[in-house]
Amino acid sequence: MARNKINEDEDLEESFDVNQLKRLFSYVGPFKGKLITAVVIMIISSGLSMLIPIFMKNVMDTVTETNFENKLSADAAIEKIIIYALATLAITIICALITRAKIKLTNEAGQGIVYNLRRELFVHLQELPFSYFDDKPHGKIQVRVVNYVNNLSDLLSNGIVNTITDTISMVFIVIFMLYLNVKFTLIVLCGLPILIAIVLFVKSRQHKAWQIQSNKQSNLNAYIAESVNGIRVTQSFVREDYNTDFFNDLNGEARSAWLGAVKYNFILRPVIDNINVLSTAIIYVLGIGWLAKGDVVITVGLLTAFTGYVARFWQPVMTLASFYNSLLTAISYLERIFETIDAPVAVKDKEGAREMPPIKGDVEYRDVHFAYDDGVEILHGVSFDVKAGESYAIVGPTGAGKSTIVNLLSRFYNVTSGGVYVDGINIEDVTIHSLRTQMGVMMQDSFIFSGTIMDNIRYGNMEASDEDVIRAAKTVCAHDFIMGLEDGYNTQVNERGSRLSAGQRQLISFARAVLADPKILILDEATAAIDTETEILLQKGLSEMLKGRTSFIIAHRLSTIRNADCIMYVDHGEIVEKGSHEELMKKKGGAYRALYESQYDFLVSGSPAGRA
């Protein structure tokens, strides 16, 4: 199976990092009141429930005294038994009500913590630069926001409270057992060193196993997301069988990793059960033997009560073991969650950044150099000056740096050196929000969100009225095809606009950019998927739209940019030529002229023309 970003395992922490856990518990702060209340009432419940074995002891001793020792009359014995039964019933009802209140409090707190954690994670994702998403399969990002955070829910809602209350319950139980019989208590406690030794043995192996499982689950989710998004390509190239084989490999790895991890979770429960049964059996054997020898300290009631406490002693131990398992599982997820939250926001407001004043539209690039994370420089000293209201077209071969130039203007990336200025202000000195709200951007990928067409266009300006939306659609010649749909502007479209053609999606994206009413408009391959007839109509509307606005138009179809005030031919990250269409066409052997003529000859003859 070929290795790629989908099935490439992420780096793992070498050991259990307690700091991850401390950091998680820092989210508990706003809900401390509810959790403390839950702990207090559960301690009360635990204390009350500790009386029940004592009641059982007294009942058994009462029966013994009545039937065998004749110390009590039948009526007196029945009266005592009824009192203990009513007391037991009352405690049971009180504990049930307390448990109900505890469940409500812990669920509210746990879900509140999960809500805040997921919100922080999502908000941070909104701020991360394009480079972060360029480098990671989107399915691996999604699984962190949804699945990994969900897996922390039970740990946070019940684990914290149960751990505290069960620890206190264990102390209560040990005190009651010591009160009843010290020897029996020591026998029970002898099982703890065995349990601790097993826990220490499996700890590192269990942590490692759950890390591997989270990796394999992440790989599987990433591939499912990619496969759903690319289903049309898959079916077009008849790749279903290959994709199924690839999926089966990933699915098998996820299953094996899960089985390998969960086996460690199942180790502790049978160990605790066996220790419980063994210690109970030893107590019965010794107790009955001592009782037969006439030991006055040992009674039937004492044996009944003590074995009741033994069972109760191992219940919180079982709960703590379950919490420990959840903890190790959660740590493997926390590593990925906090790794995302800690991802640096490379493009952000610098300290003291001010609001961008209303933009007039002057744009200047001063010796701009830019390199992505790999250090390979994409732009080499790009400089040009655009006056407000001018339209600049950027053309050139694929990978020349055209989109990078306009992405720097929107501050999707930071320049490596040099500067980009709007109205004489370095854009790194102003807030990103105040800058981008005055720009309109239409990128190569015409992304359509699930919802109505009206909502998708209004995404460019959430305050716009329906009339404004319709006016923007008419400007870009989208109105006619929209009205031809079953519900017009209220037609529901699926995620990524799968019901629409590529050209229709681009027209909606175009209307979205127009609705923003920007002073600077960036069109990156805006007409690439539009047919020639629609393009001619679109040009008429855009000519009015572009008036008074600074615009940057990237296009491979040169017929769309002939009327631009200036055309820049970019190659290998440098501006090779610059001028109007007429000026550039006068340059014999010029790069722009050669590109234009090759396109013209292609349209006329159907094949690229050779250069003379």
TODO: Mind listing the closest non-hydrogen atom pair of Ile41 and Leu105 along with its distance?
DONE: CD1-CD1, 4.2 Å

Task: Taking every non-hydrogen atom, the tightest pair across Arg411 and Glu428 - done: NH1-CA, 3.8 Å

Open item on the list: When you compare the side chains of Asn407 and Tyr413, does any donor N or O come within less than 3.5 Å of an acceptor on the partner?
Closed with: no

Task: Distance-only side-chain donor-acceptor flag, Ser46 / Ser49, under 3.5 Å - done: no

What's the spacing between [X] [atom1] and [Y] [atom2] if we round to 0.5 Å?
X      : Y      : atom1 : atom2 : answer
Thr280 : Ile275 : OG1   : CD1   : 11.5 Å
Met56  : Thr307 : CE    : OG1   : 9.5 Å
Met42  : Ile98  : CE    : CD1   : 8.0 Å
Ile194 : Asn274 : CD1   : CG    : 10.5 Å
Leu89  : Ile94  : CG    : CD1   : 9.5 Å

Open item on the list: Check for me whether Lys263 meets the cation-pi criterion with Trp258, that is, NZ or CZ under 6.0 Å from the six-membered ring centre and within 45 degrees of the ring axis.
Closed with: no

Tell me if the [atom1] atom of [X] is crowded by more than 12 foreign heavy atoms within 6.0 Å.
X      : atom1 : answer
Phe55  : CZ    : yes
Glu79  : CD    : no
Asp342 : CG    : yes

Task: ring-ring contact (aromatic ring centres under 6.0 Å, His included) against Phe313, all qualifying residues, sequence neighbours excluded - done: none

- [ ] Would you please indicate yes or no on a ring centroid separation below 6.0 angstrom for Trp290 and Phe184?
- [x] yes

